[in-house]
Trainee: 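The structure under discussion is supplied below as structure tokens; questions concerning it will follow.
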Amino acid sequence: MPLVGRDRELAHLQSLVADARERRGRVMEIVGGSGTGKSRLVEELRDGAPDVRTLTVICGQYARSTPYFALRILLRGLAGVDTLAAPDEAGPLLTAWVTTTAPELLLWLPLIADAFEAEVPPTPDADRIAPEYRRDRTHEAIALLLTAACQDA
């Protein structure tokens, strides 16, 4: 079934795929009411770029108040960890994934574990971060981990 009336949106998404191929990743949030063609638009984009690895995160409104909810699903998916795994089960799996994917980030593992909802032992480097800088350092560590994971893909 052809995509009707979404040429502009599809062209914009295709430009984001072109950027991704050049290692300039982007995030796009597609929002709209039920039945407006969001899924069909994404399907069309994927069909036109079969060489591009895609990951999907779907959230409901209840997740808005849960820190890192969408990112947690993405990270756990990349690491091969069940989204329903308990934090104590996820911790060793996260540690193993970071060890093989980006071992230089192990010193920031507790920060990554916050977003991953995993229990890991503290590290001296992470413990030294002042509370006002913890969020920024967490975001930086996760960005580096995602970059490493995408390069391995």
Side-chain angles (χ1 to χ4, degrees), residues 1-85 87 90-91 93-118 120 125-126 129 132-153:
M1 174 195 324
L3 187 64
V4 178
R6 290 295 187 102
D7 294 338
R8 188 184 70 187
E9 291 90 347
L10 183 59
H12 180 70
L13 289 171
Q14 288 168 333
S15 75
L16 298 180
V17 169
D19 284 348
R21 285 189 172 107
E22 298 295 322
R23 299 265 183 221
R24 293 187 312 266
R26 309 290 176 155
V27 173
M28 174 62 111
E29 181 180 22
I30 300 173
V31 180
S34 179
T36 58
K38 299 177 301 291
S39 297
R40 181 68 187 100
L41 182 63
V42 171
E43 182 182 322
E44 184 74 17
L45 180 68
R46 284 184 173 164
D47 289 350
D51 60 312
V52 176
R53 180 180 182 196
T54 60
L55 300 166
T56 303
V57 176
I58 300 172
C59 301
Q61 287 192 350
Y62 72 91
R64 284 183 175 185
S65 62
T66 304
Y68 301 112
F69 183 83
L71 188 58
R72 179 175 308 127
I73 294 169
L74 176 69
L75 287 171
R76 283 183 171 215
L78 282 170
V81 176
D82 189 310
T83 57
L84 300 177
L93 299 170
L94 170 63
T95 302
W97 182 56
V98 172
T99 299
T100 59
T101 303
E104 68 279 6
L105 296 176
L106 286 169
L107 62 155
W108 306 120
L109 190 61
L111 304 179
I112 296 166
D114 287 345
F116 203 88
E117 194 177 27
V120 298
D125 294 282
I129 298 173
E132 63 267 22
Y133 300 113
R134 190 171 177 90
R135 181 174 182 242
D136 289 342
R137 190 65 189 115
T138 298
H139 292 176
E140 184 180 341
I142 290 169
L144 291 169
L145 179 59
L146 288 172
T147 298
C150 290
Q151 289 173 347
D152 287 346

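Just so it is clear, the values below take in all heavy atoms, side chains as well, and ignore hydrogens, waters and symmetry mates.
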Trainee: List the atom of D51, the atom of R21, and the distance in Å for their closest heavy-atom pair.
Mentor: OD1-NH2, 2.6 Å

Trainee: Tell me, do L94 and V81 make a side-chain contact under 4.5 Å, heavy atoms counted?
Mentor: no

Trainee: Can you sort out the partners of D47 under salt bridge (Lys or Arg N to Asp or Glu O under 4.0 Å), two or more places apart, ordered by chain and number?
Mentor: none

Trainee: Say whether, by atom type as modelled, one donor and one acceptor occur between the side chain of R76 and the main chain of E117 under 3.5 angstrom.
Mentor: yes

Trainee: With sequence neighbours left out, write down each residue that passes salt bridge (Lys or Arg N to Asp or Glu O under 4.0 Å) with R135, or none if nothing qualifies.
Mentor: none

Trainee: What are the two closest heavy atoms between R137 and L111, and how far apart are they?
Mentor: CG-CD1, 3.5 Å

Trainee: Between A115 and L75, what is the shortest heavy-atom contact and its length?
Mentor: CB-CD1, 4.2 Å

Trainee: Would you find a donor on one side and an acceptor on the other, under 3.5 Å apart, between the side chain of K38 and the backbone of I30?
Mentor: no

Trainee: Looking at R40 and E43, does any basic side-chain N land under 4.0 Å from a carboxylate oxygen?
Mentor: yes

Trainee: Can you give me the closest heavy-atom contact between P110 and L107, atom names plus distance?
Mentor: CD-O, 4.2 Å

Trainee: Apply salt bridge (Lys or Arg N to Asp or Glu O under 4.0 Å) to D125 and list each qualifying residue two or more places apart in sequence or on a separate chain.
Mentor: R128

Trainee: Under 3.5 Å, is there a donor-acceptor pair between the side chain of T100 and the main chain of W97?
Mentor: yes

